[in-house]
*Asks:* 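I have a structure here, written as structure tokens, and I will follow up with some questions on it.
Basis for what follows: all heavy atoms, side chains included, without hydrogens, waters or symmetry-related copies. A, B, ... follow the sequence lines: proteins, then strands. Residue 1 opens every chain.
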Amino acid sequence: MNYEEVMNLATRRGFFLRSAESYSSTPAGFWDYGPLGVQFKNRFIEMWRKMLVRRDAMVEIDTAQIMPKNVFVASGHLASFSDPVIECGSCHSIFRADKLIEERTKKNTPEKLDDQAYDMLIQQNRIACPNCNSPLKGTKRFNMMFRVGIGPQNEEAYLRPETCQGIFVDFPYLFKTQRIKLPKGFAQYGKSFRNEIAPRQGILRQREFYQAEIEVLFTPANLDDPRFDEALGRPINIAEGDTEPRRMLASDALKEQVVPSKLIAYYLTLIQSFYEEIGLDPSNIRLRRLTDEEKAFYSSVAYDLEVRTSVGWLELVACNYRSDYDLKRHSEVSGSDFTIDEGGKRVTPHVFELSMGVDRSLYALLENCYKVEEGRTYLSLRAAVAPIQVGIFPLVTKDGLPEAATEIYRSLIKEFDALYDGSGSIGRRYARADEAGVPFCITVDHDTLSTKTVTVRNRDSKSQERVAVSELELMLPKLLR
RNA sequence: GCGGCGUUGAUCCAGCCUGGUCAGGAUGUCGGCUUCCCAAGCCGGUCGCGCGGGUUCGAAUCCCGCACGCCGCACCA
């Protein structure tokens, strides 16, 4: 299968659709979730809460999406979350100034010079437009944050480019009021915004997208805390560079120093096992250690959790050791105290983050679960993340079967995401349910009326089991776990 | 943002070169009949020429612009 096939099904069934489709001029990079997509996303987030947030006793918060300028002065996004670009006045091609100079001069060119410095270098080296050979000048900064104006004075503010800044700025409050002891994980799920120059790859690279971020705050004294020992026996798939991963025990990764500390090993195993448990094939997952050039400006050690898809290895999670960069900067710019007491000394906590791309994760799950067998298409989603948990169908639409099926539906809908379908042949209804990834379908047949039993069909195997109606409410929670 | 190619119901595709008799097929979906455990059949309904302008008596079709998409370049905390 490929991206088009998966998105075709996702569009037909109501997972995702292009935002404001009815207006042809809608810019690229914006997507809506349809009914199935919302339920799928909700289930995914609920699993994230269950397996990461609750399992690790993290603190989940929800912060504002618009934040004032100074937050991003402190975070570094205003200065660094931008690229030096230069436009050809003749053919209007746009180039990265630093990359262009580097390519022509073969000399390393930093991306944080003054704009004039790039113009100078371009002039000195007589660099012309690679496209039409016209002269180039006027390097500008393209910042990838969306600027917004607050109130009548249009006070400078930005839509957050990552959810974690809200966690950092709220940390002093949380630490004081929530009886927090480090190391501690802080979690937030919500939208982030990045004004991509040219978004491609549809839902995989959006201008407005969901993140689920975990920021682990700790002090360097915690890096090899014994509480992280439980991770040592768990496997992780480590890749150095763009290679096939090696599946190894976390303890061996520490020994070989491909992972620098127990804390990082613990959270890497946690995030990988999360993706394995919600349905990605372990052999399609790798934790790729990033090179210095690839790392974000705030990161000192970084891994990307990637999944193998038809569009190549797809980054789902950025795992960054941000050191004390964030809290120090917020302390400097805000003037507030972001330190904590450790053995009588004030120290600024460090940060290790797991920054998940939610929309991408959902796509990866769909593609991983997209199956075509014997001419039938189905989504082999784990029951725990399936948008619809159970279908209830009358075998025929006469002889009182719809009434009996409706009665069962009415009782199940109180506890489960259930679907009633009495339209078309029974086979057609199974096929529809298969494409929506419904893991179990209950069929009411003539025997139901006399024996009070129904058949329960398993989506993946198509096999059926006869079950007493009275047992459904006890049995389904076990099946759906 | 540049270059090339493209855009026809929810989905897939024909029509465009050669303007009219052209908006058609299939899937889906809804209603009815029928059948009854894996997309059967029949009847009926439903949904479309990306947007704007131009040429023309007449434009899905030709021309221009824009938007979006794909590929390449570039970009991608």
*Asks:* Can you tell me the Watson-Crick or wobble partner of B/rC22, both distances under 3.5 angstrom?
*Replies:*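 No nucleotide pairs with B/rC22.
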*Asks:* Contact class for A/Ser423 vs. all strands (heavy atom < 4.0 Å): base, sugar-phosphate, or nothing?
*Replies:*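 The answer is sugar-phosphate, as A/Ser423 gets under 4.0 Å only of primed atoms, P, OP1 or OP2.
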*Asks:* Rounded to whole Å, how long is the line connecting atom CG of A/Leu401 with atom P of B/rC36?
*Replies:*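 Rounded to whole Å, this separation is 12 Å.
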*Asks:* Can you tell me which nucleotide in B/rA40, B/rC68, B/rC37 comes closest to the side chain of A/Thr455?
*Replies:*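 For A/Thr455, the side-chain atoms sit closest to B/rC37.
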*Asks:* Determine which nucleotide pairs with B/rU27, using a 3.5 Å limit on both distances of a Watson-Crick or G-U wobble pair.
*Replies:*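 Answer to the pairing question: B/rA10, which forms a Watson-Crick or G-U pair with B/rU27.
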*Asks:* With both distances under 3.5 Å as the test, what is the Watson-Crick or G-U wobble partner of B/rA74?
*Replies:*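 Its partner is none (no Watson-Crick or G-U wobble pair with both distances under 3.5 Å).
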*Asks:* Starting from the 5' end of RNA chain B, give me the residue, A/Gly427 or A/Tyr23, whose nearest nucleotide shows up first.
*Replies:*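 Checking each residue's closest nucleotide, the 5'-ward one belongs to A/Gly427.
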*Asks:* Examine the side chains of A/Tyr3 and A/Thr309 and answer whether a donor and an acceptor come within less than 3.5 Å of each other.
*Replies:*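 Side chains of A/Tyr3 and A/Thr309: no pair found under 3.5 Å.
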*Asks:* To the side chain of A/Thr397, which of B/rU35, B/rC12, B/rC37 is closest?
*Replies:*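 Selected nucleotide: B/rU35.
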*Asks:* Just how far, in rounded Å, is P of B/rC70 from CD of A/Glu4?
*Replies:*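 Going from A/Glu4 (CD) to B/rC70 (P), I get 8 Å.
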*Asks:* Ignoring the backbone of A/Glu196, work out which of B/rC76, B/rC30, B/rC36 is nearest its side chain.
*Replies:*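 Shortest atom-to-atom distance from the side chain points to B/rC76.
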*Asks:* Rounded to whole Å, please give me the gap between CG in A/Asn195 and P in B/rC75.
*Replies:*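 After rounding, the reported distance stands at 17 Å.
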*Asks:* Indicate whether OP1 or OP2 belonging to B/rU29 is found under 4.0 Å from a side-chain N or O atom of A/Arg432.
*Replies:*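 Yes, because at least one side-chain N or O of A/Arg432 sits under 4.0 Å from OP1 or OP2 of B/rU29.
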*Asks:* Does a distance-only test, which skips hydrogens and angles, find a donor-acceptor pair under 3.5 Å between the side chain of A/Glu435 and the base of B/rA39?
*Replies:*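 Yes, the side chain and the base share a sub-3.5 Å donor-acceptor pair.
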*Asks:* Just checking A/Gln464: base, sugar-phosphate only, or nothing, at a heavy-atom cut-off of under 4.0 Å?
*Replies:*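 Base contact.
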*Asks:* Could you please name the option among B/rA40, B/rC37, B/rU11 that lies closest to any side-chain atom of A/Ser425?
*Replies:*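 From the listed options, B/rA40 comes nearest.
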*Asks:* Whole-Å distance between B/rC75 P and A/Leu204 CG?
*Replies:*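 About 20 Å, once rounded to whole Å.
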*Asks:* Within the 4.0 Å heavy-atom criterion, would you say A/Pro161 contacts the bases, only the backbone, or no part of the nucleic acid?
*Replies:*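 If one applies the 4.0 Å heavy-atom cut-off, A/Pro161 turns out to touch nothing in the nucleic acid.
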*Asks:* Could you tell me whether A/Phe218 and A/Phe352 have their ring centroids closer than 6.0 angstrom?
*Replies:*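 For A/Phe218 and A/Phe352, the ring centres are not under 6.0 Å apart.
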*Asks:* Find the partner of B/rC47: check Watson-Crick (N1-N3 plus N6-O4 or O6-N4) and G-U wobble (N1-O2, O6-N3) distances, both under 3.5 Å, and reply none if neither fits.
*Replies:*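 Because no pair has both required distances under 3.5 Å, B/rC47 counts as unpaired.
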*Asks:* Would you indicate which nucleotide in B/rC12, B/rU35, B/rC37 comes nearest to any side-chain atom of A/Asn8?
*Replies:*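 Between B/rC12, B/rU35, B/rC37, the one nearest the side chain of A/Asn8 would be B/rC12.
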*Asks:* Considering every strand and a 4.0 Å limit on heavy-atom distances, what is the contact class for A/Asp445: base, sugar-phosphate, or nothing?
*Replies:*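 It contacts base atoms.
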*Asks:* When you measure from the side chain of A/Lys398, which nucleotide among B/rU29, B/rC36, B/rC68 comes out closest?
*Replies:*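 The nucleotide sitting nearest to the side chain is B/rC36.
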*Asks:* Which residue, A/Tyr430 or A/Ala28, contacts RNA chain B at a nucleotide closer to its 5' end, judged by nearest heavy atom?
*Replies:*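 Looking at the nearest nucleotide for each, A/Tyr430 comes out on the 5' side.
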*Asks:* For A/Arg205, which contact category applies under a 4.0 Å heavy-atom criterion: base, sugar-phosphate, or nothing?
*Replies:*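 A/Arg205: base contact, heavy atoms under 4.0 Å.
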*Asks:* Over how many whole Å does the gap from A/Arg13 atom CZ to B/rA39 atom P extend?
*Replies:*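 Roughly 14 Å, once rounded to whole Å.
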*Asks:* Using both distances under 3.5 Å as the test, list the Watson-Crick or G-U wobble partner of B/rC5, or none.
*Replies:*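 Pair assignment: B/rC5 / B/rG69.
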*Asks:* Would you mind pulling out the nucleotide paired to B/rU61, Watson-Crick or G-U wobble, both distances under 3.5 Å?
*Replies:*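 Looking at the geometry, B/rU61 pairs with no nucleotide.
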*Asks:* Give the rounded distance in Å between these two atoms: CZ of A/Arg12 and C1' of B/rG28.
*Replies:*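 Distance check: A/Arg12 CZ to B/rG28 C1' gives 8 Å.
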*Asks:* What nucleic acid atoms does A/Arg18 come within less than 4.0 Å of, heavy atoms only: base, sugar-phosphate, or nothing?
*Replies:*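 A/Arg18: backbone/sugar contact only, no base atoms under 4.0 Å.
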*Asks:* Taking everything shown except A/Glu407 itself, do over 12 heavy atoms lie less than 6.0 Å from its CD?
*Replies:*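 At most 12 heavy atoms, drawn from other residues, nucleotides or ligands, come within 6.0 Å of this atom.
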*Asks:* Please check if the distance between the ring centroids of A/Phe44 and A/Phe274 is under 6.0 Å.
*Replies:*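 Yes, the ring centres sit under 6.0 Å apart.
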*Asks:* Take the protein atom CZ of A/Arg207 and the nucleotide atom C1' of B/rC68, then report the distance between them rounded to whole Å.
*Replies:*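 Result: 12 Å.
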*Asks:* For a quick check of understanding: with a heavy-atom distance under 4.0 Å over all strands, which category does A/Arg457 fall into, base, sugar-phosphate or nothing?
*Replies:*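 It contacts base atoms.
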*Asks:* Is it true that A/Arg43 and A/Asp417 have a side-chain N and a carboxylate O under 4.0 angstrom from each other?
*Replies:*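 Looking at A/Asp417 together with A/Arg43, the answer is yes, because their closest N to O distance falls below 4.0 Å.
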*Asks:* In whole angstroms, how far is the P atom of B/rC38 from the CD atom of A/Glu465?
*Replies:*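 Spelled out: CD on A/Glu465 to P on B/rC38 is 19 Å.
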*Asks:* Is there a Watson-Crick or G-U wobble partner for B/rA40 with both distances under 3.5 Å, and if so, which one is it?
*Replies:*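 In the structure as shown, B/rA40 has no Watson-Crick or wobble partner.
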*Asks:* Are any of the side-chain nitrogens in A/Glu435 or A/Arg13 under 4.0 Å away from the carboxylate oxygens of its partner?
*Replies:*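 The answer is yes: the pair qualifies as a salt bridge.
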*Asks:* Could A/Lys462 and A/Tyr430 be counted as a cation-pi pair, given that NZ or CZ must be under 6.0 Å from the ring centre and within 45° of the axis?
*Replies:*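 Judged by the rule (NZ or CZ under 6.0 Å from the ring centre, within 45° of its axis), A/Lys462 is not positioned above A/Tyr430.
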*Asks:* Taking only the side-chain heavy atoms of A/Arg428 (C-beta and beyond), determine which of B/rC36, B/rC38, B/rU29 contains the nearest atom.
*Replies:*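 Closest nucleotide among those given: B/rU29.
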